[in-house]
Asker: 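Submitted below is the structure of interest, expressed as structure tokens.
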Protein chains: 2
Amino acid sequence: MPAKKQPIPSVWTRPRPQKQQPALSRAQIVSEAVKLLDAEGIEALSMRRLGTQLGAAATSLYRHVANKDELLELVVDEIYGEVAVPEAEDPARWRASISACAHSLRTTGLRHPWLTALLGHAGLVYLGPNMMRVSDRVLAILRSAGFPPGEADQAISSVIAYVIGMTGSEAAFLSLLARTGYTEQEWIEQLWPAAEQAAQEHDRLREEFAVQRGQDPVRAREENFVYGLDRILDGLQLRLDQLSGSR
Amino acid sequence: MPAKKQPIPSVWTRPRPQKQQPALSRAQIVSEAVKLLDAEGIEALSMRRLGTQLGAAATSLYRHVANKDELLELVVDEIYGEVAVPEAEDPARWRASISACAHSLRTTGLRHPWLTALLGHAGLVYLGPNMMRVSDRVLAILRSAGFPPGEADQAISSVIAYVIGMTGSEAAFLSLLARTGYTEQEWIEQLWPAAEQAAQEHDRLREEFAVQRGQDPVRAREENFVYGLDRILDGLQLRLDQLSGSR
DNA sequence: CTCTCGGTGCGCACACTGTACGCATCGTGG
DNA sequence: CCACGATGCGTACAGTGTGCGCACCGAGAG
């Protein structure tokens with residue numbers, strides 16, 4: 001078997017200098033990673049896979065990115081770039097602005113259900129430029145609404161914590177569906193007996209389950225989200241009234 | 001090299017039937033997994049490692065657990081078993097009860113900082129017995145407080161989403177510290193210049209950073225948590241007033 | 001007492017992961 | 001024209017989750 005796989009060194013087989021296309025760049029890598037994550041989920045993202053997707057070898061990526069973890073940090077900030085925060089800072093409409101921002105954060109999180117898994121996977125220092133942009137804008141809204149410097153930050157992390165928590169739970173469910181191939185309706189229907197049985201001895205839980213049954217799950221999730229958001233915004237409004245009252 | 005590593009078949013070298021100890025059990029595996037996770041974090045948990053910790057081979061674990069994922073589901077529910085929910089259902093004290101429960105959930109999450117990473121890693125169907133127990137108890141409190149059947153569930157997921165979101169962010173930070181070996185104070189001090197630079201062009205952010213500087217970080221995190229929790233509870237109280245008013 | 005049988009542990013193997021290292025090749029500035 | 005830094009890549013290593021089939025045990029049946 002003298003025929004080896006190594007290319008015969010000849011002018012004709014030698015790779016032509018067609019490498020004039022941009023080759024590889026950090027931005028391109030991150031963007032392709034997002035595409036791959038969206039298409040096939042978090043466990044499909046390996047350096048080799050991402051490499052072949054870019055027409056490159058796995059180890060080439062390391063010229064532009066220190067780690068897989070660093071790559072993931074970049075990916076997270078890239079996604080934060082999709083979050084829309086209203087510019088207008090009319091103090092009277094702070095509630096609408098924050099609400100819009102929260103909704104944007106949620107839909108972004110649901111559009112990329114793998115995001116929350118990355119957020120949990122620690123090591124993310126929250127210093128990416130897009131993340132900073134969002135924080136600064138939201139801060140502007142809250143400050144103009146009347147929250148003092150030290151408190152605006154607490155208010156913002158409360159809202160964000162809520163949105164991330166809620167969206168994370170939804171996203172986990174959605175990516176479970178994506179992996180198993182069920183629709184939301186099918187999954188609930190199939191899980192029903194197990195849930196009923198698990199809720200034995202828990203009358204209140206069963207009752208709560210029964211209320212949810214037959215609702216459109218997408219709408220139910222949305223209403224659930226809005227409910228909690230409204231409670232938080234109510235609470236913040238109350239605090240705002242206290243602040244302006246004591247001044 | 002005729003000397004192989006395989007044991008000489010003799011009565012003396014043959015393993016004595018000392019296997020009378022319980023050998024392996026699902027509960028033991030889960031408990032040891034938690035111990036390992038607490039001690040060395042999430043990336044130290046491999047089936048082989050867990051096996052040797054139990055004096056067993058990696059593949060033996062699969063007799064008691066279908067998957068690594070299933071093992072993690074069990075681990076999550078095990079941890080939910082540590083969450084304390086007050087029994088007393090005095091309707092007037094619902095706020096204190098929910099608050100206590102939220103604090104318990106938080107300290108549990110901070111005691112096991114790897115938890116939130118698991119929660120994000122989807123595939124967790126929320127049907128574990130301990131999880132159900134907690135939900136049912138909390139539901140009891142909210143129902144007795146005056147929330148109607150369909151709404152109590154929304155209220156509970158709002159609170160839980162907030163706690164998970166906030167705790168998750170804290171836990172990510174804590175496990176980052178654990179991995180790098182810094183104290184909370186040291187980390188902040190060292191990251192300061194980078195944060196200052198990243199917050200350039202974001203005056204409001206810099207101002208907010210400045211306020212936080214010099215605070216005790218542990219206390220600051222706790223106060224931050226309480227702040228948001230109070231806002232949510234205020235919002236729920238408000239809603240409760242609306243409900244009883246319109247009745 | 002023997003014989004079978006279901007449950008359990010384990011060695012091996014496979015496909016795959018992140019990434020360190022060193023070589024080959026390129027476009028560019030002196 | 002030459003040297004050099006930047007870039008891509010082949011190879012290799014240690015480690016991962018897990019399927020497979022064998023070895024063994026204690027218990028129940030004849």
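Every chain is numbered from 1 and lettered A, B, ... according to where its sequence line falls, protein lines coming before strand lines.
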Asker: Counting only heavy atoms not in A:Y182 (residues, nucleotides, ligands), do more than 12 fall under 6.0 Å from its OH?
Answerer: no
Asker: Would you mind reading off the distance between B:E43 atom CD and D:dA14 atom C1', rounded to a whole angstrom?
Answerer: 16 Å
Asker: Could you identify which residues of residues 46-55 of chain B place a heavy atom less than 4.0 Å from some atom of DNA chain C, listed by residue number, or say none?
Answerer: B:R48
Asker: To the nearest angstrom, how far is B:L24 atom CG from C:dC10 atom P?
Answerer: 8 Å
Asker: Under 3.5 Å, is there a donor-acceptor pair linking the side chains of B:H112 and B:E82?
Answerer: yes
Asker: Mind calculating the distance between CD (B:Q28) and C1' (C:dT8) to the nearest angstrom?
Answerer: 14 Å
Asker: Would you say the side-chain atoms of B:D153 and A:Q212 include a donor-acceptor pair closer than 3.5 Å?
Answerer: yes
Asker: Measure the spacing between CZ of B:R221 and CD of B:Q215 and express it to the nearest 0.5 Å.
Answerer: 12.5 Å
Asker: Ion pair present between B:K35 and B:E32, side-chain N to carboxylate O less than 4.0 angstrom?
Answerer: yes
Asker: Any chance you could lay out the salt bridge (charged side-chain N to carboxylate O under 4.0 Å, His left out) test for B:E70 and B:R26, step after step, and finish with the verdict?
Answerer: CA-CA 11 Å; B:E70 184 182 300; B:R26 171 177 285 202; 3.3 Å; yes
Asker: Whole-Å distance between C:dG7 P and B:R26 CZ?
Answerer: 15 Å
Asker: Report the distance from atom OG1 of B:T180 to atom CD of B:E186, rounding to the nearest 0.5 Å.
Answerer: 9.0 Å
Asker: Just how far, in rounded Å, is C1' of D:dC9 from CD1 of A:I29?
Answerer: 14 Å
Asker: Heavy-atom contacts under 4.0 Å between residues 58-68 of chain A and DNA chain C, which residues?
Answerer: A:T59, A:Y62, A:R63, A:N67, A:K68
Asker: Taking A:E189 first and then A:R213, would you say they form a salt bridge - that is, a charged N and a carboxylate O separated by under 4.0 Å?
Answerer: yes
